[in-house]
Protein chains: 2
Amino acid sequence: MKNSPLRSTLQITKALADSQRIRILMLLEPGELCVCQIVEVLGLAPSTVSKHLSILAAADLVLMRKQGRWAYYRLPKLTRKEIGRPALDWVRSALQEDEQIHLDRKKLKTVMACDPEELCKRQRPSSEYENKGVSKR
Amino acid sequence: MKNSPLRSTLQITKALADSQRIRILMLLEPGELCVCQIVEVLGLAPSTVSKHLSILAAADLVLMRKQGRWAYYRLPKLTRKEIGRPALDWVRSALQEDEQIHLDRKKLKTVMACDPEELCKRQRPSSEYENKGVSKR
DNA sequence: TTTTCATTTCGTTCTGTGGCGAAATATAGC
DNA sequence: GCTATATTTCGCCACAGAACGAAATGAAAA
């Protein structure tokens, strides 16, 4: 009984039980993003964001598309196991008016205005920008 | 911004991100139960169950009614912050066919057939029954 | 083939949370 | 008042999980 409904449900609720992952889901609302863009908005290490994304993907809450060295994540239009969809809908509506989420969306706009190549360059360890402060938590 | 939507949402998702608490919510589906009845089904220490219930209550996912020394918990018909309700509905429908949940319901029937006074007597540290095996997990 | 580099995996640290038993709380009954 | 007792709070331990940097992966560019 490895994949009982309880297990899948818990996988989803656990995936949703972290503020960074909720922020990621809301960021993906308008459309797909690559990892470096999410990194830029959240202000977390790429490895950390990658882990969050893998947890969301394991719960079928996001889908991934690889293109060359770049990985693009997006919300699923329809999940195979449909149970995740209502959860996403609920989260979205619950956070309609959240301040942090709005700040993230705003930040995303400036990030989207920038070439991802440029973002990644800035995020390299050698860069002098070195992760200029982003609202943590 | 102590009570932002994100915060309330996270409080709910965190409350839902534990199998014992999910089991408790499903146990409460038919109607209110007192703590000792839940203890009997889950097979956990009363203090542990109490903690779980307080987490659920803080997230507005259960309501409490005190009657003498006894505390009765139930699902809310309508939550003040309505945001919790769809989450509960989602969990219920997702777990419609879960084996563990069905086992719990079955066990609950035998527990309900017993006087709560008797349950508590059995659960006392002095009792020789000493938590006769109940499906853990 | 070699280098570059976006992303992931791994190893470590630190915080958060579930579990228990013991003590505290609060209520019923004497 | 005192005792009994259902539940909660507290203190502790063990484990899960979030964060980082370093190393690994794998695809593009040179």
Side-chain angles (χ1 to χ4, degrees), chain A residues 10-11 13-24 32-40 42-59 62 64-73 115-127 130-131 134 136-137, chain B residues 10-11 13-24 32-40 42-59 62 64-73 115-127 130-131 134 136-137:
Chain A
L10 269 174
Q11 195 171 29
T13 55
K14 278 176 197 263
L16 295 176
D18 179 273
S19 58
Q20 314 293 9
R21 289 195 288 270
I22 296 277
R23 291 172 71 192
I24 290 175
E32 70 180 8
L33 297 174
C34 70
V35 180
C36 69
Q37 293 173 308
I38 300 171
V39 164
E40 191 67 19
L42 299 194
L44 296 173
S47 60
T48 304
V49 171
S50 178
K51 187 79 203 302
H52 282 312
L53 286 166
S54 79
I55 289 170
L56 289 170
V62 300
M64 200 258 265
R65 172 176 77 88
K66 260 208 149 152
Q67 184 173 320
R69 285 177 303 207
W70 305 72
Y72 295 90
Y73 285 87
D115 184 7
E117 304 268 8
E118 185 56 34
L119 283 181
C120 283
K121 204 168 292 177
R122 277 202 272 156
Q123 286 165 12
R124 276 173 217 151
S126 54
S127 165
E130 280 293 345
N131 261 335
V134 170
K136 293 238 176 181
R137 182 135 334 211
Chain B
L10 269 173
Q11 196 172 28
T13 54
K14 278 175 196 267
L16 295 177
D18 178 273
S19 59
Q20 313 292 11
R21 290 196 287 270
I22 297 277
R23 289 173 71 193
I24 291 175
E32 70 179 8
L33 296 174
C34 71
V35 180
C36 69
Q37 292 173 309
I38 300 171
V39 164
E40 192 67 20
L42 299 194
L44 296 174
S47 60
T48 304
V49 171
S50 177
K51 187 78 205 304
H52 281 311
L53 286 166
S54 79
I55 290 170
L56 289 171
V62 301
M64 199 258 266
R65 170 177 78 87
K66 262 215 146 144
Q67 184 172 319
R69 285 176 303 206
W70 304 72
Y72 294 91
Y73 285 86
D115 184 6
E117 305 267 9
E118 186 55 36
L119 283 182
C120 283
K121 204 169 290 177
R122 275 202 274 158
Q123 286 165 13
R124 278 175 216 152
S126 55
S127 164
E130 281 292 344
N131 262 338
V134 169
K136 294 238 177 184
R137 177 161 347 214

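First the proteins, then the strands, lettered A, B, ... as listed; each starts at 1.
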Can you tell me how far [atom2] of [Y] sits from [atom1] of [X], rounded to the nearest 0.5 angstrom?
X	Y	atom1	atom2	value
A/S50	A/L44	OG	CG	12.0 Å
B/K51	B/S47	NZ	OG	10.0 Å
B/I55	B/L16	CD1	CG	11.5 Å

What residues form a side-chain contact (heavy atoms from CB on, under 4.5 Å) with B/R65, not counting sequence neighbours?
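B/R65 satisfies side-chain contact (heavy atoms from CB on, under 4.5 Å) with B/E32, B/Q67, B/Y72, B/R74 only.
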Using whole Å, what does the distance between atom [atom2] of nucleotide [N] and atom [atom1] of [X] come to?
X	N	atom1	atom2	result
B/I24	C/dG18	CD1	P	11 Å
B/K14	C/dG18	NZ	C1'	14 Å
B/Q67	C/dG29	CD	P	11 Å
B/R21	C/dG19	CZ	C1'	12 Å
A/L10	D/dG17	CG	P	11 Å
A/L56	D/dA18	CG	P	10 Å
A/L44	D/dA19	CG	P	6 Å
A/I55	D/dA16	CD1	P	14 Å

List every contact pair, protein side and nucleotides 6-9 of chain C side both N or O, where the distance is under 3.5 Å.
| residue | atom | partner | partner atom | Å |
| --- | --- | --- | --- | --- |
| C/dA6 | OP1 | A/R124 | NH2 | 3.1 |
| C/dA6 | OP2 | A/R124 | NE | 3.1 |
| C/dT7 | OP1 | A/V35 | N | 3.4 |
| C/dT7 | OP1 | A/A71 | N | 3.4 |
| C/dT7 | OP2 | A/C36 | N | 3.2 |
| C/dT8 | OP1 | A/Y73 | OH | 2.6 |
| C/dT8 | OP2 | A/S50 | OG | 2.8 |
| C/dT8 | O5' | A/S50 | OG | 3.2 |

Do the non-hydrogen side-chain atoms of [X] and [Y] ever get within less than 4.5 Å of each other?
X	Y	result
B/T48	B/L42	no
A/W70	A/C36	yes
A/V49	A/V39	yes

Without swapping roles, check the side chain of A/R21 against the backbone of A/K14 for a donor-acceptor pair under 3.5 Å.
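Confirmed, A/R21 side chain pairs with A/K14 backbone.
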Worked verdict on B/D18 versus B/I22 for side chain to side chain contact (heavy atoms under 4.5 Å, CB included)
CA-CA 6 Å; B/D18 178 273; B/I22 297 277; over 6 Å; no
side-chain N/O A/H52 vs D/dA19 OP1/OP2, d < 4.0 Å:
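Yes.
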Using five base pairs at each end, measure the axis-to-axis angle across the helix from C/dT1-D/dA30 to C/dC30-D/dG1 and round it to 10 degrees.
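The value is 30°.
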